[in-house]
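In what follows, a single structure is set out as structure tokens and then discussed.
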There are 2 protein chains.
Amino acid sequence: MAGDADRVADAATDPELACPTSAVVDIVFSRWTTPILWTLHTHGRQRFVELERLIGTITPKVLTQRLRQLERDGMVVRTYHPEVPPRVEYEITELGRSLAPLFAHLAEWASGNLDKVERARHDYDAVPSR
Amino acid sequence: MAGDADRVADAATDPELACPTSAVVDIVFSRWTTPILWTLHTHGRQRFVELERLIGTITPKVLTQRLRQLERDGMVVRTYHPEVPPRVEYEITELGRSLAPLFAHLAEWASGNLDKVERARHDYDAVPSR
DNA sequence: ATAGTCACTTTCCTCTAGGTACCTACTATA
DNA sequence: TATAGTAGGTACCTAGAGGAAAGTGACTAT
């Protein structure tokens with residue numbers, strides 16, 4: 001393990017430690033996780049194929065990968081029913097639900113500021129020198 | 001452009017539209033943007049090399065790319081001083097600062113729930129069957 | 001006998017983000 | 001003369017993420 005001196009040095013040089021939100025970003029905002037959590041949050045408990053259909057463009061391989069990761073992180077519970085054909089249900093956990101206000105905050109920022117970003121991009125692109 | 005019927009169909013099949021936070025996530029939480037914005041927010045106006053040093057592991061090429069993107073999105077202002085050697089300063093904008101409460105919210109969630117994620121991972125990994 | 005369902009798994013392939021290393025112009029300094 | 005400092009640009013390369021498509025196993029319905 002690293003000593004205190006090392007951890008201080010890390011905090012000065014490691015971007016993960018320099019920004020206190022990096023760890024959360026990796027967990028919550030890695031690719032496909034927001035659509036999955038959002039779908040599970042709004043539509044409730046869902047089967048694999050239902051999730052696939054609701055999200056639309058995700059492939060089964062990637063959906064499995066993301067669900068496993070979310071399960072490991074405690075955001076999602078997987079329930080396997082050994083029937084034929086097999087039935088698996090995914091549900092968002094309490095921990096996953098605790099992200100809801102954060103998502104709402106995000107959506108709120110978006111509704112108020114997304115057009116400003118759009119305008120900034122338009123203005124930037126309007127300058128021919130770049 | 002697409003009619004209403006098409007937009008409804010899109011909302012059902014396109015993950016970007018299925019989840020109202022996807023657009024913001026792409027803008028705010030793409031790789032390296034949080035450390036950059038965080039550094040600019042806490043340390044104030046900075047020169048290129050200073051940013052490079054503060055963030056630590058980022059390469060100049062990627063730092064340039066991210067800064068250009070953030071500038072285009074209106075999160076950062078670039079001020080070029082045609083001196084020798086050249087001097088360029090980057091500063092966070094009002095729009096960029098408006099993300100601060102969001103980041104604080106994120107950090108707050110992290111401080112209360114990151115250990116739960118850690119525990120969930122530990123428990124998951126403790127089961128030998130996978 | 002064949003097809004279909006579900007929840008994946010596996011193989012193969014592509015694409016791109018990101019890293020390394022070198023280049024630019026200009027001046028002050030040793 | 002040579003080197004350092006500044007803010008990048010550019011060419012090349014690699015690893016890994018992610019997509020497409022087919023396979024799997026166990027059973028059911030036709």
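We name chains A, B, ... by the order of the sequence lines, and we start the count at 1 in each one.
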Under 4.0 Å between a Lys/Arg side-chain N and an Asp/Glu carboxylate O for [X] and [Y]?
X        : Y        : result
A:Glu89  : A:Arg87  : yes
B:Asp115 : B:Arg119 : yes
A:Glu50  : A:Arg53  : yes

Check: Has B:Arg68 got a side-chain N or O lying under 4.0 Å from the OP1 or OP2 atom of D:dG8?
Finding: yes
Notebook entry, point to check: Which nucleotide sits closest to the side chain of A:Arg31: D:dG19, D:dT6, D:dA7?
Noted result: D:dG19
What is the distance, to the nearest angstrom, from the [atom1] atom on [X] to the [atom2] atom on [N]?
X       : N      : atom1 : atom2 : result
A:Glu83 : D:dA26 : CD    : C1'   : 13 Å
B:Arg87 : D:dT6  : CZ    : P     : 12 Å
A:Tyr80 : D:dA26 : OH    : P     : 10 Å
B:His81 : D:dA7  : NE2   : P     : 10 Å
B:Glu89 : D:dA7  : CD    : C1'   : 13 Å
B:Tyr90 : D:dT6  : OH    : P     : 14 Å
A:Gln65 : D:dA20 : CD    : C1'   : 14 Å
A:Gln69 : D:dA17 : CD    : C1'   : 12 Å

Note to self: Students often mix this up, so state it plainly: with edges at 30° and 60°, are the rings of B:Phe103 and B:Phe29 parallel, tilted or perpendicular?
What the structure shows: parallel
Checklist line | Among B:Leu54, B:Ile92, B:Leu70, the one residue meeting side chain to side chain contact (heavy atoms under 4.5 Å, CB included) with B:Leu40 | finding: B:Ile92
Check: Do A:Leu99 and A:Leu102 touch side chain to side chain, with heavy atoms closer than 4.5 Å?
Finding: yes
Check: If you find the nucleotide of DNA chain D closest to B:Leu67 and the one closest to A:Thr59, which residue's nucleotide is nearer the 5' end?
Finding: B:Leu67
Next item on the list: Name the residue closer to the 5' end of DNA chain D, choosing between A:Pro60 and A:Val84 according to the nucleotide with the nearest heavy atom.
Entry: A:Pro60
Note to self: Under 4.0 Å from a heavy atom of chain B: give me the 5'-most and 3'-most nucleotides of DNA chain C that qualify.
What the structure shows: C:dG18 to C:dT27
Next item on the list: Spell out, as yes or no, whether a donor-acceptor pair under 3.5 Å connects the side chain of B:Thr34 to the backbone of A:Ser22.
Entry: no
